[in-house]
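Right, one structure below, let's go through it.
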Amino acid sequence: MPREPSGVENGGAAETLRISRSVRRADLKAVGEVRRALRELMRHRCRTEATDVAELLITELVTNALVHTDRGAEVTVSLTAARLRVEVRDHAARRPRPYVPTADDGTHGRGLVLVEALADDWGVDALALGGGKVVWFELDGRRDGPAPAPAPAPYAAGPA
């Protein structure tokens, strides 16, 4: 079974906020609705950078579930004070694999590569007896958590 975020942190009870949505087969309009619900959930509790990454990654996972399977998907989001977990359950047993696209692929094939690069943790859990799978990712959800490191300068300034 997919793991749930802990309701207890640092010895005390932590509030867990949740979103759960069913997305119908081929309803690509629902991707934007799920993304907006996620943004609203994270708005006051997470850094803007974390929210932006979460929106990108949930878009990729939900779109993959709708494009690569013939049925809908179930989306579950859990947010504690320290962690965001997003799960997308579909009904296909086939495991997704990160795919490094060629220059000719346009925008196809980058979803799991993005998830792998940007999520703090991610994975695929098979469900029992051909019940499909859950593709999930986790991010640091703290509003005051460590900010991403600044990008290094393209070159170091030497002595003048």
Side-chain angles (χ1 to χ4, degrees), residues 1-7 9 14-143 145 148:
M1 289 300 292
R3 295 177 297 174
E4 284 292 325
S6 171
E9 296 177 24
E15 178 184 13
T16 300
L17 302 176
R18 297 188 197 284
I19 297 173
S20 183
R21 299 281 192 276
S22 292
V23 181
R24 291 186 317 272
R25 181 178 69 86
D27 185 6
L28 294 178
K29 185 178 96 176
V31 175
E33 294 166 2
V34 168
R35 189 174 51 241
R36 281 187 294 279
L38 175 69
R39 176 168 285 281
E40 184 62 28
L41 179 76
M42 297 180 71
R43 184 169 52 143
H44 297 297
R45 295 192 51 181
C46 301
R47 294 182 325 277
T48 302
E49 297 86 6
T51 303
D52 293 344
V53 168
E55 280 190 81
L56 172 64
L57 300 185
I58 200 170
T59 299
E60 294 298 337
L61 293 189
V62 173
T63 301
N64 282 351
L66 296 179
V67 169
H68 297 292
T69 67
D70 60 354
R71 293 170 61 185
E74 301 293 324
V75 180
T76 304
V77 178
S78 301
L79 177 64
T80 66
R83 205 82 174 149
L84 170 76
R85 182 178 174 93
V86 173
E87 298 178 348
V88 178
R89 177 186 185 263
D90 65 45
H91 302 279
R94 184 177 10 126
R95 292 180 61 86
R97 289 176 291 152
Y99 163 73
V100 178
T102 66
D104 298 350
D105 286 339
T107 59
H108 171 73
R110 289 171 174 77
L112 286 180
V113 172
L114 288 171
V115 172
E116 189 172 54
L118 298 174
D120 294 327
D121 197 9
W122 80 281
V124 180
D125 297 331
L127 300 175
L129 302 173
K133 65 186 169 297
V134 175
V135 182
W136 57 269
F137 69 85
E138 292 183 347
L139 295 173
D140 182 334
R142 294 175 289 182
R143 180 155 194 70

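Numbering starts at 1 and runs along the sequence shown.
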Checking side chain to side chain contact (heavy atoms under 4.5 Å, CB included) for the pair D121/R83: CA distance, chi angles, key distance, verdict? CA-CA 11 Å; D121 197 9; R83 205 82 174 149; 4.1 Å; yes

One should read off an interatomic distance between L139 CG and M42 CE, to the nearest 0.5 angstrom, of 6.5 Å

If the threshold is 4.0 Å, N to carboxylate O, is there a salt bridge linking R47 and D52? no

Below 4.0 angstrom, N of the basic side chain to O of the carboxylate: do E87 and R89 qualify? no

Using only atom types and a distance under 3.5 Å, with no angle test, would you say the side chain of R21 pairs donor to acceptor with the backbone of E33? no

Member of L38, D140, I58 meeting the side-chain contact (heavy atoms from CB on, under 4.5 Å) criterion with L84: L38

Tell me the closest heavy-atom pair linking S22 and E74, and the distance in Å. OG-OE1, 2.7 Å

Mind listing the closest non-hydrogen atom pair of A119 and F137 along with its distance? CB-CB, 3.8 Å

Quick test of your reading of the model: are D90 and K133 salt-bridged, counting only N-O distances below 4.0 Å? yes

Pair L56, L114 - check side chain to side chain contact (heavy atoms under 4.5 Å, CB included), show working. CA-CA 9 Å; L56 172 64; L114 288 171; 4.2 Å; yes

To the nearest 0.5 Å, atom CZ of R39 lies from atom CZ of R36 at 11.5 Å

How far apart are the closest heavy atoms of V124 and W136, and which atoms are they? N-NE1, 3.9 Å

Please report the interatomic distance CG(L118) to CD(E116), rounded to the nearest 0.5 Å. 10.5 Å

Provide the closest heavy-atom pair for A37 versus I19 in the form atom of the first, atom of the second, distance. O-CD1, 3.3 Å

Output the distance between atom CD (E15) and atom OG1 (T80), rounded to the nearest 0.5 Å. 10.0 Å

Please walk me through it: do L61 and L112 pass side chain to side chain contact (heavy atoms under 4.5 Å, CB included)? CA-CA 8 Å; L61 293 189; L112 286 180; 3.9 Å; yes

State, to 0.1 Å, how close S78 and R18 come at their nearest heavy-atom pair, and which atoms those are. OG-NH1, 2.8 Å

Rounded to the nearest 0.5 Å, what separates atom CG in L17 from atom NE2 in H44? 11.5 Å

Working to the nearest 0.5 angstrom, can you tell me the gap between R25 CZ and L66 CG? 10.0 Å

Looking only at heavy atoms, the pair that brings T69 and A92 closest together is CG2-CB, 3.6 Å

